[in-house]
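Data first, discussion second: the structure below is written as structure tokens.
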Amino acid sequence: DTAVSQTPKYLVTQMGNDKSIKCEQNLGHDTMYWYKQDSKKFLKIMFSYNNKELIINETVPNRFSPKSPDKAHLNLHINSLELGDSAVYFCASSQQGARLPDGYTFGSGTRLTVV
Amino acid sequence: DQQVKQNSPSLSVQEGRISILNCDYTNSMFDYFLWYKKYPAEGPTFLISISSIKDKNEDGRFTVFLNKSAKHLSLHIVPSQPGDSAVYFCAASASRGAQKLVFGQGTRLTINP
């Protein structure tokens with residue numbers, strides 16, 4: 001029933017590991033996003049995909065690689081995890097062209113802790 | 001360089017009184033502003049928005065004011081209720097370029113009975 005679902009909700013892992021966070025939306029939206037909430041609590045955009053095409057790629061280390069197999073899914077893969085990657089990662093979706101806030105729906109977040 | 005700032009990390013208000021949350025921005029290209037509300041372990045949910053062609057938008061107990069010359073907006077909640085206790089994020093977007101929201105760091109509002 002959940003509109004935007006992320007898994008896992010919590011992720012604790014060691015430095016140097018590779019991990020993935022999955023996101024799925026059932027709203028029929030064509031645009032999906034990854035946001036990172038850092039230690040200072042700012043929500044910052046990382047990536048945006050529209051119909052599986054990357055349209056926003058902020059200054060993010062290339063250890064982070066988004067993958068969009070279809071417009072309902074946007075996964076985030078992180079290689080060689082570092083302590084500074086610890087944060088809460090939010091997935092969101094919207095309908096491109098729809099005037100905000102008509103389609104900006106967030107998932108409940110994934111708390112990543114790197115030890 | 002944080003383009004949207006909420007300088008009060010927390011605010012405590014008595015139930016029934018007015019809550020005023022503030023937000024400042026620096027980018028003059030922003031033309032649409034939003035407030036999101038976030039409960040613990042949940043994602044932000046949309047609360048209210050305002051376009052730069054307006055200076056006020058009201059929805060029930062929630063009113064957003066925009067002062068373009070000062071690059072400042074505020075959210076008023078009247079009367080405040082215990083269920084309003086949450087973190088409130090201010091966000092902004094520019095009509096040009098890709099659709100994205102720039103968020104502030106949030107203000108934690110606590111409504112005391």
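Just so it is clear, the structure is predicted and the values come from calculations on it, not from any experiment. Below, read A as the first sequence line, B as the second, and so on, with proteins coming before strands; counting in each chain starts at 1.
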- Query: Going through the distances and angles, do B:Asn22 and B:Ser74 end up as a side-chain hydrogen bond (donor to acceptor under 3.5 Å, both in side chains)?
  - Reply: CA-CA 4 Å; B:Asn22 294 303; B:Ser74 61; 4.5 Å; no

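Each of B:Phe89, B:Phe62, B:Phe103 was evaluated against B:Tyr36; a single residue qualifies, B:Phe103, per the ring-ring contact (aromatic ring centres under 6.0 Å, His included) test. The residue from A:Lys36, A:Lys19, A:Arg63 that alone fulfils the side chain to side chain donor-acceptor pair (under 3.5 Å) condition with A:Asp85 is A:Arg63.
Aromatic ring orientation, B:Phe33 versus B:Tyr25: tilted (interplanar angle from 30° to 60°).
Contacts of B:Gln2 with chain A are made by side-chain atoms alone, with heavy-atom separations under 4.5 Å and no backbone atom involved. Heavy atoms closer than 4.5 Å to chain B are found nowhere in A:Gln6, neither backbone nor side chain. For B:Val87, no part lies near chain A; criterion is any non-hydrogen pair under 4.5 Å. With a threshold of 4.5 angstrom between heavy atoms, B:Tyr39 does not approach chain A through any atom at all.
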